[in-house]
Amino acid sequence: MPDDLTPMLLAAAEARRERLTEVVAEAVRIPSLMGEEGPLSAWFAAQARKLDVEVDAWSPDDVQLRAHPAYVPVDYGYADRENVVAVRKGTGGGRKLILYSHIDTVPVDPNTHWTHGPYSGDIADGRIYGRGAADMKGGCGVALVALEILCELGIQLPGDVAAHFLLDEEAGGNGTLAAILRGHYGPNAGCVMLEPTGPRLMLISGRGAQFFRITVAGEEGGTEYHRDLVSAIDAAYIIYNAVKHYARMREAAVSDPLYDGRERTKVPTAICTIQAGAWPSTVPGEAVMEGTIECLPGEDIHAVVADFERYLREIAADDPWLREHPFTFQPFGLWFEAAGIQPDDPFVLALRRASQTALGHEPRIVGGGGSDLRLPILHANCPTVLWGPGGGPIHSVDEWVSIDQLVEMLKASLIAAVEWCGGPES
């Protein structure tokens, strides 16, 4: 790395603390619920077009997405919103750094009380508040301001530096998949997903996951007949306990160095919703349970789901009612493949060096849950990590992102660009 670039970039990042704060606060003030990101994607596109960068803004192709095996089903289209990719082109001969961010957020529960309004972008006590501040409009701000600094200083590295502002992460990742299909990822690139891990934690893998729905039959009737009826709740309780037992077996049976030693769980499986009955004095004739099952890198989520269903059916076969009235099992909706890279991957090593230079420490390397990380790794041969400005409580009331950590990740991203993009083509 050229010695003269390091102090220049670190000073530039610190000098743009106020600009970075303004960008994130303004992004928070533009609601961008998943499926409704249009206004914010247009705002980021307009910001990027002020710079000496190439901007690609497009609405993903529904037909193309649905034909891909990694597509996650959603109940909306993409006609009125765009992915935005801005690229500071290099001089040639270097690798590409992708600073990834997603602009969609989860909904705000109208029954909750926020000290700072969910779309206020309030700035207080070194924090920016609002829905998506941490997850992940903070990362969006880092990506944009990193490009601004490179352009304002006239720095053109051998490799490209790209900022991605993508759709649909919260719903499963189709925005990232669309960017892969458009050619914005590849084996000569490395991707930092600026998710809210905090600068001291880098996630280099993600678990696989699949939503599932189990429907259990019972006998409907008035409560006066309950002794003579099989309640769907009682039948469902047998399956519910079987799921809990399977989860314990999975915890004991599977192993991965990036996940072993977790205090609570390394590979979750759980029922998370139960619906039964239509009236307080009627025994229910049906119970529907929904949940999630996950797997570790190296496992096939489809094979794990098949084994899970097989186990539940073995348990059900021991119960007279369930043996005669089989439950239905349906994988549905959101699903992830498991994926990861190794701790000694050249991209991870480059980021560790960049962190040491920019922040004076190296991040701890761990595995994470399901995320878009899997898509560039599996479908573009592009090494990818999660590493970004932290905050809290994510997806919750009074969500916030740390301004200090925004600046830290801006510094780390700029030094990572020099470290990675200045290297030879792989």
Side-chain angles (χ1 to χ4, degrees), residues 1-27 43-56 84-92 94-101 103 123 128 136-166 184 189-196 199 350-351 353-360 385 387-390 401-423:
M1 177 188 301
D3 293 336
D4 57 335
L5 276 185
T6 299
M8 179 191 305
L9 289 172
L10 295 180
E14 189 62 50
R16 285 159 179 79
R17 177 182 292 261
E18 184 175 346
R19 167 61 179 165
L20 180 54
T21 301
E22 290 173 353
V23 168
V24 176
E26 183 59 28
W43 188 81
F44 274 112
Q47 297 299 308
R49 289 190 175 106
K50 299 176 183 178
L51 306 175
D52 183 17
V53 298
E54 294 182 0
V55 178
D56 185 18
V84 177
V85 170
V87 183
R88 173 69 169 170
K89 297 296 291 184
T91 58
R95 296 169 296 201
K96 178 180 183 179
L97 178 67
I98 298 167
L99 299 175
Y100 164 102
S101 62
I103 61 175
I123 301 166
I128 305 168
M136 63 172 299
K137 295 181 181 183
C140 294
V142 169
L144 177 64
V145 177
L147 287 191
E148 290 180 349
I149 289 173
L150 293 176
C151 291
E152 290 167 12
L153 296 181
I155 295 173
Q156 195 174 15
L157 301 170
D160 300 347
V161 181
H164 287 199
F165 310 96
L166 304 184
H184 286 296
C191 177
V192 175
M193 293 188 162
L194 292 159
E195 293 277 10
L351 296 177
R353 291 193 298 270
S355 179
Q356 185 66 52
T357 299
L359 308 178
V385 305
W387 187 38
V401 67
S402 163
I403 295 173
D404 283 345
Q405 291 194 18
L406 289 172
V407 177
E408 287 181 22
M409 285 310 306
L410 178 58
K411 293 176 179 179
S413 297
L414 290 166
I415 303 306
V418 178
E419 184 76 48
W420 180 250
C421 300

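Computation of the quantities below employed the complete heavy-atom set of this structure, encompassing side-chain atoms and omitting hydrogens, waters and symmetry-equivalent molecules.
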Inset, instruction - Say whether, by atom type as modelled, one donor and one acceptor occur between the side chain of Glu54 and the main chain of Val87 under 3.5 angstrom. - result: no
Inset, instruction - With rounding to the nearest 0.5 Å, note down the distance linking CD in Glu26 to CD in Gln47. - result: 8.5 Å
Legend entry - Under 3.5 Å donor-acceptor, Trp387 side chain and Glu195 backbone: no
Legend entry - Rounded distance [0.5 Å steps], CG in Leu9 versus OG1 in Thr357: 11.5 Å
Legend entry - Partner set under side chain to side chain donor-acceptor pair (under 3.5 Å) for Arg49, not counting sequence neighbours: none
Inset, instruction - Apply the test side chain to side chain contact (heavy atoms under 4.5 Å, CB included) to residues Leu150 and Leu414: give CA-CA distance (whole Å), side-chain angles for both, the deciding distance (0.1 Å), then the verdict. - result: CA-CA 8 Å; Leu150 293 176; Leu414 290 166; 4.1 Å; yes
Between side-chain atoms of residues 142-149 and protein atoms elsewhere (two or more places apart, or another chain), which donor-acceptor pairs fall under 3.5 Å?
unit_1 : atom_1 : unit_2 : atom_2 : d
Glu148 : OE1    : Arg19  : NE     : 3.1
Glu148 : OE2    : Arg19  : NE     : 3.4
Glu148 : OE2    : Arg19  : NH2    : 2.6

Legend entry - Closest non-hydrogen atom pair between Leu359 and Ala412, with its separation: CD1-CB, 4.2 Å
Legend entry - Asp56 and Val84, any side-chain heavy atoms less than 4.5 Å apart: no
Legend entry - Atom of Pro389, atom of Gly138 and distance for their closest heavy-atom approach: CG-C, 4.1 Å
Legend entry - Spatial distance of atom CZ (Phe165) from atom SG (Cys140) [nearest 0.5 Å]: 6.5 Å
Inset, instruction - Return the orientation label for the His164 and His184 ring planes: parallel under 30°, perpendicular over 60°, tilted otherwise. - result: perpendicular
Legend entry - Straight-line distance of Tyr100 OH to Leu194 CG, nearest 0.5 Å: 10.0 Å
Inset, instruction - Could you tell me which non-hydrogen atom of Met136 sits nearest to which non-hydrogen atom of Pro196, and how far apart they are? - result: CB-CD, 4.5 Å
Inset, instruction - Could you tell me whether the side chain of Lys137 reaches within less than 4.5 Å of the side chain of Val401, counting heavy atoms only? - result: no
Inset, instruction - Can you spot which of Leu97, Thr91, Asp160 makes a side-chain contact (heavy atoms from CB on, under 4.5 Å) with Cys421? - result: Leu97
Inset, instruction - Hey, could you give me the OG1/CD distance between Thr6 and Glu419, rounded to the nearest 0.5 Å? - result: 8.5 Å
Inset, instruction - Could you check if a side-chain atom of Met8 sits within less than 4.5 angstrom of a side-chain atom of Ile155, using non-hydrogen atoms only? - result: yes
Legend entry - Nearest non-hydrogen partners of Cys151 and Val53, listed with the distance: SG-CG1, 3.7 Å
Inset, instruction - Indicate yes or no for a side-chain donor-acceptor contact from Ser355 to the backbone of Leu351 under 3.5 Å, with no hydrogens or angles considered. - result: no
Legend entry - Charged N-O contact under 4.0 Å between Arg88 and Asp52: yes
Inset, instruction - Just jot down the side chain to side chain donor-acceptor pair (under 3.5 Å) partners of Glu152, sequence neighbours excluded, or say none. - result: Arg16
Inset, instruction - Could you check Val407 against Lys411 for side chain to side chain contact (heavy atoms under 4.5 Å, CB included), going step by step and ending with a plain yes or no? - result: CA-CA 6 Å; Val407 177; Lys411 293 176 179 179; 3.9 Å; yes
Inset, instruction - Compare every heavy atom of Ala189 with every heavy atom of Ile98, then report the nearest pair and how far apart it is. - result: CD1-CB, 4.1 Å
Inset, instruction - List the atom of Val23, the atom of Gly141, and the distance in Å for their closest heavy-atom pair. - result: CG1-CA, 3.8 Å
Legend entry - Distance in Å, Ser101 OG paired with Met193 CE, rounded so as to fall on 0.5 Å steps: 10.0 Å
Legend entry - pair Val55-Val85: side-chain heavy atoms closer than 4.5 Å: no
